[in-house]
K.L.:
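Following this message is one structure expressed as structure tokens.
Remember, predicted model here, so these are calculated numbers, not experimental data. Values reported hereafter were calculated over all heavy atoms of this structure, with side chains retained and with hydrogens, waters and symmetry mates removed.
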Amino acid sequence: MHHATEINSSMENIIRPGHEMIIKWLKWTPPPWPFFKLNTDGARKISRHASAGGLIRNYCGEWVHGFGMNIGHCTITGTEVWGLFQGLQLAWNIGIRQLRVKVDSRCTTKILATNNIHPNAYSSLIQGIKRLPNKDWQVSLSHSYRETNFAAYYLANQALLLPLGIHVFPTPPSGTEGWLLHDVSGSAYPQMVVA
């Protein structure tokens, strides 16, 4: 019974008075034309072995480019930040100038939304990410749930099997096709969210 009380107590901290939980159906959606969409994700195993991955798709949901990065040892927040940095760099390098970015880490979106950067292991990487949108392009960053990010989740986890470093994929790597079809088909999942 004590465990249930702790869960109730922690849920009260998450759900503020006046807010209610609703079921929302979540799925990947393509960006509006003429934008491209970048989805990134990070992965970390119990051994602290970490990786990141992501992909860029057009308004029809078609693969444009992707990447996987075997980071080595890293925190989970570090994997998300590395994934976002590599994805933005890739988009810029292949000439994309209108981009919608979705990451499934609220922590990452909050870090980037603040003007203050607290000194930590990723400060220079975070500053680099903040400077990228200052280039001549349109970029928006927002949080997405994992249910809308399965292809990036797959790429991040597969990157654990790659040699250390960044690996760029002009075409979908083996095993990714099913997740791309899954996303484009509109498969949706219920999720409890705060209204």
Side-chain angles (χ1 to χ4, degrees), residues 24-43 51-69 76-115 122 125-159 166-173 176-189 191 193-194:
K24 185 173 183 179
W25 287 88
L26 305 173
K27 64 181 181 175
W28 184 85
T29 56
W33 185 87
F35 283 83
F36 292 84
K37 183 180 267 188
L38 167 66
N39 289 98
T40 65
D41 201 4
S51 60
L55 67 157
I56 300 167
R57 290 177 271 195
N58 66 16
Y59 66 95
C60 295
E62 298 166 331
W63 178 277
V64 175
H65 243 81
F67 72 94
M69 180 182 187
I76 191 60
T77 300
T79 67
E80 299 286 349
V81 172
W82 269 113
L84 178 57
F85 179 77
Q86 294 296 345
L88 288 168
Q89 286 281 87
L90 175 62
W92 178 262
N93 291 342
I94 64 173
I96 290 175
R97 298 299 179 257
Q98 293 174 306
L99 186 66
R100 300 282 167 94
V101 183
K102 297 285 189 171
V103 296
D104 68 1
S105 166
R106 281 196 194 277
C107 182
T108 301
T109 56
K110 285 181 181 179
I111 288 169
L112 293 168
T114 65
N115 289 328
Y122 308 106
L125 196 55
I126 293 165
Q127 287 174 344
I129 291 169
K130 286 184 169 221
R131 279 193 299 269
L132 284 171
N134 293 334
K135 296 183 176 195
D136 188 21
W137 62 344
Q138 289 179 281
V139 179
S140 66
L141 170 70
S142 60
H143 173 262
S144 66
Y145 291 92
R146 173 153 297 146
E147 291 83 358
T148 67
N149 212 18
F150 280 126
Y153 175 77
Y154 175 80
L155 288 169
N157 280 280
Q158 288 302 112
I166 183 78
H167 305 269
V168 176
F169 310 121
T171 59
T176 311
E177 298 87 354
W179 290 113
L180 295 172
L181 181 60
H182 170 272
D183 288 349
V184 172
S185 71
S187 297
Y189 299 89
Q191 173 77 29
V193 298
V194 178

K.L.:
Show me the pairs that pass salt bridge (charged side-chain N to carboxylate O under 4.0 Å, His left out) and involve residues 96-105, at least two apart or across chains.
P.N.:
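Sorted pair list: Asp104-Arg146.
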
K.L.:
Return the set of residues passing side-chain contact (heavy atoms from CB on, under 4.5 Å) with Ala91 (not counting sequence neighbours), or none when no residue passes.
P.N.:
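Checked Ala91 against side-chain contact (heavy atoms from CB on, under 4.5 Å); matches are Ile56, Ile96, Leu99, Trp137.
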
K.L.:
Roughly how far, to the nearest 0.5 Å, is the OG1 atom of Thr40 from the CG atom of Leu155?
P.N.:
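Leu155 CG to Thr40 OG1: 11.0 Å, rounded to 0.5 Å.
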
K.L.:
Supply the atom-to-atom distance Asp41 CG to Ser144 OG, rounded to the nearest 0.5 angstrom.
P.N.:
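One gets 8.5 Å once the value is rounded to the nearest 0.5 Å.
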
K.L.:
Show the nearest heavy-atom pair for residues Ser51 and Ala159, with the distance to one decimal.
P.N.:
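Nearest pair, atom of Ser51 first, then Ala159: CB-CB, 3.7 Å.
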
K.L.:
Name all residues meeting the side-chain contact (heavy atoms from CB on, under 4.5 Å) criterion together with Gln86; count only those two or more places apart in sequence or in a different chain, and write none if there are none.
P.N.:
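side-chain contact (heavy atoms from CB on, under 4.5 Å) check on Gln86 returns Phe67, Met69, Trp82, Ile166.
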
K.L.:
Can you name the ring-ring contact (aromatic ring centres under 6.0 Å, His included) partners of Phe150, sequence neighbours left out?
P.N.:
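Checked Phe150 against ring-ring contact (aromatic ring centres under 6.0 Å, His included); matches are Trp179, His182, Tyr189.
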
K.L.:
If you measure from CG on Leu88 to CG on Leu38, what distance do you get to the nearest 0.5 Å?
P.N.:
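These two atoms lie 6.0 Å from each other.
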
K.L.:
Taking only residues two or more places apart in sequence, or in another chain, which ones meet Pro34 in a side-chain contact (heavy atoms from CB on, under 4.5 Å)?
P.N.:
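Applying side-chain contact (heavy atoms from CB on, under 4.5 Å) to Pro34 gives Gln98.
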
K.L.:
Rounded at 0.5 Å granularity, tell me how far OG in Ser185 sits from CG in Leu180.
P.N.:
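These two atoms lie 11.0 Å from each other.
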
K.L.:
State the OG1-CH2 distance between Thr148 and Trp25, to the nearest 0.5 angstrom.
P.N.:
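It comes to 15.0 Å.
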
K.L.:
What is the distance from atom OG1 of Thr171 to atom CD of Glu177, rounded to the nearest 0.5 Å?
P.N.:
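One finds 8.5 Å between OG1 of Thr171 and CD of Glu177.
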
K.L.:
Where do Gly54 and Ala152 come nearest, in terms of heavy atoms and distance?
P.N.:
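Closest approach of Gly54 to Ala152, heavy atoms only: CA-CB, 4.3 Å.
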
K.L.:
Please output the side-chain donor-acceptor pairs of residues 57-64 that fall under 3.5 Å, not counting sequence neighbours, one pair per line with the distance.
P.N.:
from: Arg57; atom 1: NH1; to: Asp183; atom 2: OD2; distance (Å): 2.8
from: Arg57; atom 1: NH2; to: Asn39; atom 2: OD1; distance (Å): 3.3
from: Arg57; atom 1: NH2; to: Asp183; atom 2: OD2; distance (Å): 3.3
from: Asn58; atom 1: OD1; to: Cys60; atom 2: N; distance (Å): 2.9
from: Asn58; atom 1: OD1; to: Gly61; atom 2: N; distance (Å): 3.1
from: Asn58; atom 1: OD1; to: Glu62; atom 2: N; distance (Å): 2.9
from: Asn58; atom 1: ND2; to: Glu62; atom 2: OE1; distance (Å): 2.7
from: Trp63; atom 1: NE1; to: Phe169; atom 2: O; distance (Å): 3.4
from: Trp63; atom 1: NE1; to: Pro170; atom 2: O; distance (Å): 3.1

